[in-house]
Amino acid sequence: MGEITLVEAVRLALARAMEEDPHVIVLGEDVGADGGVFRATEGLLQRFGNMRVRDTPLSESAIAGVCVGLAAQGFRPVGEIQFMGFIYPAVDQIVSHASRLRNRTRGRLACPMVLRAPYGGGIHAPEHHSESTEAIFAHVPGLKVVIPSSPSRAYGLLLAAIRDPDPVVFLEPKRIYRAFKEDFADDGSALDLGRCFTLREGDDLTYVTWGAMIMETLAAADDLAEDGIRAEVIDVATLKPLDADTILRSVDKTGRLVIVHEAPLTGGFGAEISARVAEGALASLLAPVRRVTGYDTVMPLPKMEHHYMPSKVRILKAARETMEYA
Amino acid sequence: MGEITLVEAVRLALARAMEEDPHVIVLGEDVGADGGVFRATEGLLQRFGNMRVRDTPLSESAIAGVCVGLAAQGFRPVGEIQFMGFIYPAVDQIVSHASRLRNRTRGRLACPMVLRAPYGGGIHAPEHHSESTEAIFAHVPGLKVVIPSSPSRAYGLLLAAIRDPDPVVFLEPKRIYRAFKEDFADDGSALDLGRCFTLREGDDLTYVTWGAMIMETLAAADDLAEDGIRAEVIDVATLKPLDADTILRSVDKTGRLVIVHEAPLTGGFGAEISARVAEGALASLLAPVRRVTGYDTVMPLPKMEHHYMPSKVRILKAARETMEYA
Amino acid sequence: MVLTRTFDEKAVALQRTGRLGTYASSLGQEAVAIGVASAMRPEDVLLPSFREQGAQIWRGVALKEALLYWGGDERGSAFKEQKEDFPVCVPVGTQFPHAAGVAAAFQSRNEKRVAVAVGGDGATSKGDFYEALNVAGAWKLPAVFIINNNQWAISVPRSAQTAAETLAQKAIAAGMPGAQVDGNDVIAVRDAASRAIERARDGGGPSLVEAVSYRLSDHTTADDARRYRDEKEVSAHWKEDPVARLRTYLVSQNAWSKSDEETLIGECVQAVGAAVDEYLSAGVANVGDIFDYLYARCPPDLAHQRDEAVAFARESDDG
Amino acid sequence: MVLTRTFDEKAVALQRTGRLGTYASSLGQEAVAIGVASAMRPEDVLLPSFREQGAQIWRGVALKEALLYWGGDERGSAFKEQKEDFPVCVPVGTQFPHAAGVAAAFQSRNEKRVAVAVGGDGATSKGDFYEALNVAGAWKLPAVFIINNNQWAISVPRSAQTAAETLAQKAIAAGMPGAQVDGNDVIAVRDAASRAIERARDGGGPSLVEAVSYRLSDHTTADDARRYRDEKEVSAHWKEDPVARLRTYLVSQNAWSKSDEETLIGECVQAVGAAVDEYLSAGVANVGDIFDYLYARCPPDLAHQRDEAVAFARESDDG
Ligand SMILES: Cc1ncc(C[n+]2csc(CCOP(=O)(O)OP(=O)(O)O)c2C)c(N)n1
Ligand SMILES: Cc1ncc(C[n+]2csc(CCOP(=O)(O)OP(=O)(O)O)c2C)c(N)n1
Ligand SMILES: [Mg+2]
Ligand SMILES: [Mg+2]
């Protein structure tokens, strides 16, 4: 593995985007002198000045609303919500405005903004610091929802999100902010939004997942391989708009589907993926679809967190049970 | 049909609950002298006084937050959000607090509150007045989400919601507030939360729906009956906690499932129902699951609204196509 | 003001006859809209609530566009003229943070322009109102926040909305100046708004202006104010009708004659009438429009849904 | 205050050695917590932020409970003593509306009790802070809002948080009295809080108290304040250390001796040490607990998930 962690990739992408486009503005709580509580914006203030790197008062609704105003004026604001658990006060601005501005003005005003937030659990963080409610945003028409699962994808997808003409909720799996490194060129190349990444090919079973769960899922796929079961692993990456085709093609090939996410089961985005398959690849299914997810309870405080998060063992077990259907 | 409309049923249930339990408090914008913009709280101020029927300032987050405080103190607040489109500012209080108070204090403090909101489209209302984002709330652990689809169910379910020891988001399909009447006794009997209602039995196909879509769906079932196709129609009524058993049993019987809801397709609660079936009744399915829903775009202003809302024609077509599978 | 009033009357009439959606008349509050709009420069940006049609029209929003919006057609917000102005804002108070954002854009570009947001007395109870003022104050943004205090938020009187004696004093919480002005005096409103706007333009930072007017109409056409408001209160306030007051003043200055008035009314009626004709003959938009403006590029999945909707509309002869 | 400081020190040490989660020390702000808590009656309700462990402990939250909470165990919020107090509130400012609700409950029941919410200077920028104050003012609720202004919100200094000269003046927006007090003077804090609380108790309505203190520590154990804050600023503020100030005062009054001090410190160390032992030997809760307290009755679906989790935990010998 190479040199760059996921959080560094975020910083590189932000710096690159600010470098190439003077309309890119970074704002949020502690993004300036502090460089962000995870250091994702480190050095940007020094480099781009306080008109382009703006520490905000402690006001999430204002952060999102200010982004809407800036975006309508042709800027490309990248707002940071310090943790996803604090995005809820901004939901009104996101749902009622950011996602609709273009549509309600019939294209007169656009809203090319990005709202970044570290998300997910597994790092023994305090209460309210381990949320994964991506499904809420993936339901909202007019938004795009992107979740990178590796440094290179964080870099390429964040650049794409910033350059995108529409609002993007960009959720960064903080559990893997520094979990592993990759080597790639900081050359400004973006990845396409709106397509899945097939991280591992296989004919026997399809794993679909995103964010930090990629790690456990790839590990489970390794274990399955030892038993001669070849699992395909798909990183959804863009939840909205969803690239259902890649998933359907894989299920047509494997006939077995296990979806893995950290958010609670009921109403999680795994349901949407399962529903797409029940509509578009039903005849290919050799076994019931399985979802391995967080439970329908509140993310526990750190002492119990590991009971909540889908583990490799659970992910493996679901696959093995799925394989038992003839 | 009898005497009572859905909105009157809401009012009767509120009055009944306030009568029988002094801890029930109604609060919200214009719930007092005005009796609510839909008249759901008409007469309550006169009857119960301004300590129990409280007009609030125009502050949705405070409405929800005040309910949390009242509920923690043993009251049973029933907050009104004037339209579901204005519930978003209250999302933080609902998600971060109402839904968690019992769990995070290990039962020391409870949160028996109800947040009522008229929801859904189809009445040619102004912008932001036709939202149906029930899926957002159905994803949140610790909440209950209830949607009545007839006057008698509104009455019985609202009483149950108010008496329930935990927080309930109660969404009233305003399109059918006055669409039809039912005759029932105002005798304080509640209906169970957490179970579906089978409104019509049939062996050939299962329709699953909720809220105002019940009307179109029942009409479609009538049409199908003329062709000799017997559709079962299930009103989910409580989205959370979901009574999956009733749905699975029906699909086991019919082998065909069409889900109907007004909210946008992607990440709508129909996905969850489809996923449950793909997990628990896959072998029974004779045809792909179909979802007839609002499109993945913003609810249009009134002139285009009818293109967005699932119509009887669309609901019928999906069923007919489903029947074509051998 | 007369044009606004003529427009309002017609709009209410159209609603009553089923040709317009729910409508929020600005009867009695025309001086706020016009006083503010006339204090702005064209290159400033207006962020209105749903009761500032007067200001929108003054700034160049076409009467037909306003009718389309209230008639339930998104094309009504695709302003041909005021391309940077925000559309009508229905979720109360949410326009204020946008104004801070627009003002931040001006500040970042070093432009001498001002973002002017207008909201009601009820809007001052929203967190967004306060967060926006606070950010604007902290960043010293070129933004002006106008409160059109018509003394009612649907059925909630100003006195029940807040214990603050004035709404202007809410500025103090954000460290900015606040002024209260007679909102039925168009000249006074214009003066107060001008000071605030020019101050912001000159780098003096944001401020708040409370214009005290009165809602002579129902809240909207869907409301019946007699349920909660004494008719006597309303009739008393007719004495302060800003249109009549301006006429009295102009007449007293010998600057206004009966014939001026007839001409003006005639012109307004004519303009509104023409706009109504345009509106009624605007035809319906394409079904595809409900998909085509959501994103800059329609994602494949959505394009599929679009096809379905277009096909259904065609089948039902309604596309 | 000494107990709070001893507790904070120990908690930071536990965190550094991996035996506690991220922890927010209240070093230098003990006078705010104790001044406020000592002004409350037992039957009042405290709604703290995450930096008011001093107030919680004063009111009867067990040291062990506080450790459990910060150690990542929900049992730490199941207070045995202060059964109506709210638990630590992490989402900034969200406790203020709860305080309005608790106060509304007191008002509805005609009880002479007061809801006391405490938040930071950063919290004053949140919409919830303002909405809560506004509702409390409009309803004349028995609520007191305390701002522990430690002059920093993580890296954002008070001056960048708002243009308001004082935080106390934010009360004016809600039509209630606001007072600023030296937050390093425990007697002054207690006096100001008492006035506000007794005023509320006597039906005089809500008020706001800004206690100006200073955050001598990092924001939390996860923070390194040297990144954004001059060490000199911090050392200057050590001169105002509220604990040292109180000692100086007591000594000057001949009310405090070296041996009093030794005894007190000994007692505090002993109490904290005992609590740490209890905490470390508390054992883990049952897996089932993560399901059992979500609803009053566990729905069937969730019970099924519970079974699964319990089985997995058992398999991995961790149940
Ligand atoms: C956030 C939000 N809550 C509720 C409503 C419903 N509503 C529409 S107008 C209104 C009252 C607004 O009062 P005010 O701000 O004084 O403006 P006015 O209507 O008097 O011009 C309400 C409650 C809304 N549009 N937005
Ligand atoms: C709504 C919300 N946004 C962001 C955070 C992350 N955060 C935790 S504490 C803090 C600063 C709080 O500052 P202040 O209110 O002054 O309290 P202090 O920490 O100084 O006691 C921030 C931004 C949070 N907990 N809640
Ligand atoms: Mg008003
Ligand atoms: Mg602080």
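In the text below, chain A, chain B and the rest are named by the order of the sequence lines, each starting its count at 1.
- With a 4.5 angstrom heavy-atom cutoff, I25(A) touches chain C only via side-chain atoms.
- For chain C, the nearby parts of P141(A) are the backbone and the side chain; heavy atoms of each come within less than 4.5 Å.
- For residues 120-143 of chain C, a heavy-atom distance under 4.5 Å to chain A picks out D128(C), E131(C), N134(C), V135(C), A138(C), W139(C), L141(C), given by residue number.
- Residue-level contacts of residues 39-58 of chain C with chain A, in order of numbering, are V45(C); threshold 4.5 Å between heavy atoms.
- Contact count versus chain A (heavy atoms, under 4.5 Å) is highest, among P91(C), P300(C), A103(C), A78(C), for A78(C).
- Side chain of Y295(C) to backbone of L143(A): a donor-acceptor contact under 3.5 angstrom is found.
- Under the 3.5 Å distance criterion, the side-chain polar atoms of R108(A) are matched with a main-chain donor or acceptor of K83(C).
- Between Q73(A) and S108(C), every side-chain heavy-atom pair lies at or beyond the 4.5 Å cut-off.
- Looking at V90(C) and R104(A), their side chains never come closer than 4.5 Å, going by heavy atoms from C-beta outward.
- Residue L58(A): no heavy atom, backbone or side chain, is found under 4.5 Å from chain C.
- Looking at heavy atoms from C-beta onward, F86(C) lies out of side-chain contact with T105(A) at the 4.5 angstrom threshold.
- Per-residue heavy-atom pair counts under 4.5 Å with chain A were compared for A104(C), P299(C), A115(C), and the maximum is reached by A104(C).
- Only the side chain of S96(A) comes within less than 4.5 Å of a heavy atom of chain C; its backbone N, CA, C and O stay farther away.
- Interface check for chain A: of the options R297(C), Q95(C), Q107(C), R75(C), the most heavy-atom pairs under 4.5 Å are formed by Q107(C).
- There is a side-chain donor-acceptor pair under 3.5 Å between H98(C) and Q93(A).
- Both the backbone and the side chain of N103(A) come within contact range of chain C, with heavy atoms under 4.5 Å apart.
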